[in-house]
Amino acid sequence: MQIGLDAEQRAFAQSSGALAADLAAGWDRGRGPHDVASPEPSEKDWARIVDAGWTALRLREENGGLGAGTVDVAVLVEQLGRHSVAAPVLGTLVAAEQLQALGAPVATLEAVAAGELRVAPLLDARLLGFAPSADDALAWDSAGATLAYAPDGSAHALGEPLPATDVTRSVRRPAGRVGDASLELRPPTDDDRDRLHAFTLTLLVADLLGTMAAALDAAVEHARSRTQFGKPIGSFQAVQQIAAEDLVSVEATRSALYFSAWAVDALPATEALRAARTAKAFASRAGVAVCQDVVQLFGGIGMTWESPVHVWLRRAQTDRTSFGDEHAHQAVLADLDLTER
Amino acid sequence: MQIGLDAEQRAFAQSSGALAADLAAGWDRGRGPHDVASPEPSEKDWARIVDAGWTALRLREENGGLGAGTVDVAVLVEQLGRHSVAAPVLGTLVAAEQLQALGAPVATLEAVAAGELRVAPLLDARLLGFAPSADDALAWDSAGATLAYAPDGSAHALGEPLPATDVTRSVRRPAGRVGDASLELRPPTDDDRDRLHAFTLTLLVADLLGTMAAALDAAVEHARSRTQFGKPIGSFQAVQQIAAEDLVSVEATRSALYFSAWAVDALPATEALRAARTAKAFASRAGVAVCQDVVQLFGGIGMTWESPVHVWLRRAQTDRTSFGDEHAHQAVLADLDLTER
Amino acid sequence: MDFSDSPEVARFRAGLRAWLAEHLAEYADGVSYDSAEGVEATHRWHRALAAAGYVAVSLDPEYGGRGLSDLYEAVINEELAAAAAPPPPPIGHIAHAVADFASADLKGRVLPGLLGCTESWCQGFSEPGAGSDLAGLSTSATATDDGFVVNGQKIWTSWAMWADRCLLLCRTEPDQPRHRGLSMLVVDMDTPGITRREITLANGSREFAEVFFDDVRVPAANLVGERGQGWKIAQHMLTYERGPADMGWTGRLGNVLAAAQEAVRSGHLPADDVLRRRLAAVAVDAQVLSWHVARSLVDRSSADPGSSGSVDKLLTTRVEQELYSVVDDLTGAAVVVGDQRPFNEYLWSRAQSIYGGTQQIQRQIVAQRLLGLPRG
Amino acid sequence: MDFSDSPEVARFRAGLRAWLAEHLAEYADGVSYDSAEGVEATHRWHRALAAAGYVAVSLDPEYGGRGLSDLYEAVINEELAAAAAPPPPPIGHIAHAVADFASADLKGRVLPGLLGCTESWCQGFSEPGAGSDLAGLSTSATATDDGFVVNGQKIWTSWAMWADRCLLLCRTEPDQPRHRGLSMLVVDMDTPGITRREITLANGSREFAEVFFDDVRVPAANLVGERGQGWKIAQHMLTYERGPADMGWTGRLGNVLAAAQEAVRSGHLPADDVLRRRLAAVAVDAQVLSWHVARSLVDRSSADPGSSGSVDKLLTTRVEQELYSVVDDLTGAAVVVGDQRPFNEYLWSRAQSIYGGTQQIQRQIVAQRLLGLPRG
């Protein structure tokens with residue numbers, strides 16, 4: 001039993017955190033909803049992302065990737081969440097994993113790993129999971145992506161970003177088949193499908209964890225410095241009670257992420273998926289609850305566009321809904337656990 | 001619009017509160033669950049209850065009663081809850097109302113009003129409502145009652161008290177028909193049935209209100225006098241935050257009781273029942289939540305048998321379950337409001 | 001006990017309904033604070049309501065009101081909500097402050113414009129360093145021979161971008177302790193030295209602004225009440241602001257709830273049993289809130305209105321936040337991708353536990369003033 | 001990252017399972033604290049566990065332990081819970097205090113009986129006037145030529161009715177401020193001047209007692225550590241008491257959850273979709289708690305164990321209270337009329353946010369020590 005990050009993982013967290021912070025610093029939230037910059041990274045930023053190995057991180061070595069374990073990918077994604085990175089790294093990782101699970105050709109995966117082919121995953125209209133086809137599908141975290149593949153191998157160009165809650169990631173609709181880009185794909189085995197699902201849910205948990213931890217840290221910092229009635233508001237018990245429960249939620253989410261990320265590569269696929277659903281259900285509820293508390297802890301200033309507080313809440317709500325919120329997963333778990341077999 | 005108690009009702013609240021307090025003072029909780037006195041009132045106490053007009057309060061004048069409005073009855077029942085009175089007044093009021101709605105003979109109702117015939121209502125085994133027959137039924141708040149009537153007019157003797165959460169009220173099973181006591185009853189009209197139901201739910205709301213208000217008052221008193229870290233614990237913000245939300249719950253429950261009690265006699269029966277379900281759903285959740293908070297506010301001492309805190313929580317949980325908890329009523333309301341008509 | 005309308009109230013309600021049936025369509029279109037046209041439409045709507053006699057009806061007739069009880073204010077809010085009309089101008093608390101404290105001269109000068117809605121007002125209370133701790137505010141009004149010179153900064157000033165006048169809480173007696181040093185001034189917003197800066201909220205709302213005062217001269221005749229009376233007047237106003245009558249939220253929450261219920265009934269928003277039950281649960285709470293607000297209104301004269309206003313606000317916040325949470329879950333993915341109105345309304349509901357005194361402060365008020373718990 | 005057992009842990013676990021399979025039936029029957037026979041059965045069970053080497057395994061071998069990490073304590077708790085066995089003797093924190101602070105002589109005298117479970121211990125900390133505020137305790141131990149004379153009263157002393165010895169926190173230095181004036185003594189419970197009074201809890205439990213000390217003489221050799229070190233030792237102990245390893249709750253909550261799930265699956269407890277979903281939701285939380293406890297155990301040496309113990313306790317309380325609330329709602333009317341065990345367990349779950357430091361205090365510890373928020 002060795003639970004937690006090893007030295008190498010901690011170093012990776014630090015280096016990817018530094019790059020994530022730098023990317024985030026270059027993004028302009030603007031002065032209001034009509035003034036916000038696109039989450040599409042500049043060519044230069046995309047090159048830095050590719051150079052850092054993020055697009056290749058998880059793909060197997062035979063597919064031009066680095067073959068990282070899910071724990072390592074989760075380490076990266078937590079940093080994306082922590083800094084609210086406005087670049088489709090998560091979408092790329094998920095799309096790449098799906099393509100690999102569907103047996104996409106090596107050349108395609110190599111192009112994704114090298115950042116030359118920019119892809120996004122297609123989700124069903126309710127964002128509950130991967131879309132069975134391009135009809136009514138949504139290309140998720142797809143800023144700057146040029147193609148999205150349906151499970152039948154058809155390639156689809158993407159339309160304009162849709163109005164969305166999250167200001168740091170885009171959702172677009174498929175906008176026409178690109179005939180010459182289509183691929184031969186095969187249906188995944190049950191195991192591959194479950195493991196892909198578990199992997200994806202785990203990354204969303206990681207993004208939620210990073211987001212809620214960043215929000216709580218900022219709220220604590222605010223509570224230390226903001227004074228009312230001649231004292232820092234963080235010295236008031238009412239504030240401390242809220243912040244403490246939030247830390248409990250953050251730490252429990254971290255434990256859930258660790259287990260879920262470990263399970264993707266270590267446990268049988270159905271058990272891994274079950275763990276990931278559990279983690280996603282917990283993190284979806286906890287993540288939004290913490291970000292809501294952070295709104296409260298920041299007071300009025302946190303409700304302004306200028307404050308990062310709404311960016312966290314937007315990202316948390318989007319992570320929560322994407323690939324199923326707590327209710328969706330609890331419903332599945334209820335069926336698994338409470339139905340006579 | 002005149003919302004609140006009038007002078008006469010306030011005086012009745014005061015006088016019935018005084019008697020309720022006196023009755024409660026004579027009841028012995030003992031030193032543990034095996035030492036608790038029966039909630040069956042002594043002959044003397046029963047005579048005082050009858051003298052105060054409580055058993056006759058709601059029956060119509062032609063049936064030997066005082067013909068009081070539901071608001072007046074609620075005023076009394078709030079005091080029963082406030083003092084955790086260990087005597088089956090609520091059960092008698094409910095049984096009398098049911099018998100009257102079922103067209104019981106004047107002589108029977110007069111005997112009930114005069115305290116000579118001591119009756120209890122029969123509920124179904126899940127305590128969701130009046131029992132359709134004596135099979136599997138439970139005689140509710142039946143300490144000292146000699147008979148319970150099924151809707152077919154059959155009279156039933158009652159067995160020993162069952163193990164129960166509430167230490168101030170008994171539940172017993174029918175234990176054999178008493179042939180010569182049976183009555184001619186008739187099925188109630190839909191309106192009578194709904195109004196009886198609304199009346200009963202309203203009284204449970206009143207008992208919950210009295211219980212939660214008593215618990216909160218005691219907790220506030222405790223918080224004023226108990227010191228830790230050199231200060232009354234009531235001066236700590238964490239304690240104040242809890243107590244304040246509890247007062248919100250108490251006051252909202254009072255508003256719900258006022259409307260529901262007014263509605264029983266003033267609105268069409270279906271509207272009155274709807275209001276009563278709403279009030280019961282609200283009070284069931286709020287009442288238990290407040291009593292749970294009061295456990296917390298009292299700290300360890302509130303968890304001892306000697307403390308009254310568990311008596312309130314027991315009574316609130318029993319009121320909550322009896323005639324349907326918040327979930328039961330929300331389910332009905334969901335069907336009413338959310339089903340295409 | 002009687003929750004039904006008295007004949008007088010029923011008559012008033014019927015009159016308002018008839019007026020709305022006839023005039024709402026004419027005025028309600030485009031009312032907003034998000035553009036110059038929207039603001040113009042808003043002012044038109046307010047003036048129409050005022051002309052019809054539905055603004056500040058609880059004020060004495062001598063000041064332009066109708067001398068009706070607070071109940072009638074609630075009826076107006078209810079009926080406007082029920083008709084899905086834009087809200088009435090939120091000036092009741094300002095009007096009461098001026099009517100109850102200002103000199104005859106000042107009243108004569110400002111009340112007609114205020115009540116007629118020909119002049120638009122804002123209320124300069126909160127400051128960057130004084131939100132919950134209002135008594136700690138630092139905007140100064142230094143007395144001169146003929147008035148005051150104001151310096152400082154206000155924030156969260158609703159409608160300041162378009163206001164003609166500001167009711168300003170400021171410090172005139174720097175040598176007095178906290179509450180005692182404050183006074184209330186009426187400031188013309190076109191006085192030199194005033195700068196306004198719009199605040200955009202997270203939900204896109206542009207209602208609020210910061211207002212900067214740089215050597216702004218205010219005549220002595222614009223002092224409301226006495227010097228040092230500012231805190232007292234502000235408390236008097238907060239009573240009205242926090243009370244249910246001026247909030248008008250219950251009816252609007254009722255509309256949101258009814259729309260959600262209709263969407264579920266019609267199958268427009270598919271809902272499993274769990275969501276249906278959550279919607280039913282919040283419908284219970286909303287119903288109890290409306291009964292409670294009715295009771296509070298009638299009780300108002302007998303209770304400590306400031307503190308029972310806190311009870312009402314806490315209850316309202318509970319209901320509102322849960323309602324929008326359920327509505328968003330019903331709406332599902334369409335909240336995060338698609339029309340952003342539901343999400344913006346949800347965001348706004350989260351702000352309800354902050355504005356007008358945070359939930360934490362409201363609870364402290366309830367604990368100390370109503371429950372008698374000792375100060376920390 | 002690896003949540004699976006190491007080979008050593010797997011071996012240990014297998015050994016314990018084998019032992020339980022063979023011996024549990026022989027000892028577990030009738031274990032309780034509600035009667036003399038129950039207490040005798042409890043002691044028999046504890047002695048059997050100790051003889052088999054499953055008590056205080058994290059203590060150094062020189063003191064009678066096995067020098068294993070805290071993880072093994074957790075394995076013991078897990079496996080006992082999984083086998084529905086009674087809990088192990090809750091003496092880990094006392095054993096660590098004695099082993100880490102007492103003199104060689106005192107250790108030699110008391111550790112064999114403690115670890116062998118031939119002597120039963122209690123822990124005298126809380127007082128009527130000192131619950132959350134432990135440092136404010138007033139039981140005095142006045143130094144004499146050859147020891148101390150103890151006067152005062154303890155409350156909430158678990159198992160005091162049957163204890164042979166008490167680890168007593170008391171004030172030996174009345175002139176020192178609060179924490180500094182405390183010391184820890186080992187007191188033989190048959191010393192003249194000790195009176196015990198049973199406390200019956202609301203759920204009928206008779207585990208607790210009050211203990212009165214009236215001129216009780218304690219030899220100097222029974223002082224644990226130095227005079228004035230009591231607070232330090234108590235903090236050291238609370239670390240173990242609040243930590244997940246000594247709690248052993250997770251496994252037992254898991255049993256309660258599994259039983260509820262089975263009852264729903266089999267139709268024994270009928271559940272609509274809403275109740276099924278609530279049960280699934282608390283199952284999620286319980287699963288995350290067990291992962292979290294596993295992580296905490298492994299993390300323990302690296303973190304501030306006292307404060308992260310507070311995180312674990314807050315999380316455990318959340319799960320436990322929601323679990324019993326759902327179980328009671330599943331059980332329905334049978335909770336309020338019929339077998340009172342479910343209600344008593346629910347009552348007990350409500351106490352979990354009080355005992356061992358109230359939820360409010362735990363949160364304050366987390367806020368101040370882990371989040372670095374300033375003291376009020």
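Keep in mind that the numbers below use all heavy atoms, side chains included, and drop hydrogens, waters and symmetry copies. Only a predicted model underlies this, so the values are computations on that prediction, with no experimental measurement involved. Convention: sequence-line order gives letters A, B, ...; per-chain numbering from 1.
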Exercise. Can you check whether anything in residues 157-166 of chain B gets within less than 4.5 Å of chain D, heavy-atom wise, and list it by number?
Key: B:L162, B:P163, B:A164, B:T165

Quiz item: Which heavy atom in B:A125 sits nearest to a heavy atom in D:A333, and how many Å separate them?
Solution: O-CB, 3.8 Å

Self-check item: Shortest non-hydrogen separation from B:I301 to D:W156 and the atoms involved
Solution: N-CZ2, 3.4 Å

Which answer fits [X], side chain, backbone, both or neither, if we ask what part of it has an atom under 4.5 Å from a heavy atom of chain B?
X	value
D:D272	neither
D:D328	neither
D:I199	side chain
D:Q321	neither

Quiz item: How would you list all residue pairs meeting salt bridge (charged side-chain N to carboxylate O under 4.0 Å, His left out) that involve residues 123-138 of chain B, not counting sequence neighbours?
Solution: none

Quiz item: Considering residues at least two apart in sequence or located in another chain, which fulfil the salt bridge (Lys or Arg N to Asp or Glu O under 4.0 Å) criterion with B:E245?
Solution: C:R318, C:R363

Quiz prompt | D:R350 with B:D293: basic N within carboxylate O range, under 4.0 Å | solution = no

Quiz item: Where do D:D329 and B:R320 land on the side-chain contact (heavy atoms from CB on, under 4.5 Å) test, with the steps shown first?
Solution: CA-CA 11 Å; D:D329 284 354; B:R320 168 181 179 247; 3.0 Å; yes

Quiz item: Looking at side-chain heavy atoms only, is the closest gap between D:T200 and B:R31 below 4.5 Å?
Solution: no

Measure distances from [X] to the heavy atoms of chain D and classify the residue's part below 4.5 Å as side chain, backbone, both or neither.
X	value
B:V295	both
B:V288	side chain
B:H34	neither
B:A331	neither
B:I233	neither

Quiz item: Rounded to the nearest 0.5 Å, how far does CZ of B:F236 lie from CD1 of D:I361?
Solution: 7.0 Å

Quiz prompt | Derivation and outcome, side-chain contact (heavy atoms from CB on, under 4.5 Å), residues B:T321 and D:V335 | solution = CA-CA 9 Å; B:T321 303; D:V335 171; over 6 Å; no

Self-check item: Sequence neighbours excluded - side chain to side chain donor-acceptor pair (under 3.5 Å) pairs with any residue from residues 295-311 of chain B
Solution: B:Q296-D:S353, B:Q296-D:Q360, B:H310-B:R314

Practice problem: Go through D:Y346 and B:Q292 one step at a time and tell me if the side-chain contact (heavy atoms from CB on, under 4.5 Å) criterion holds. | Solution: CA-CA 11 Å; D:Y346 154 81; B:Q292 286 181 168; 2.6 Å; yes

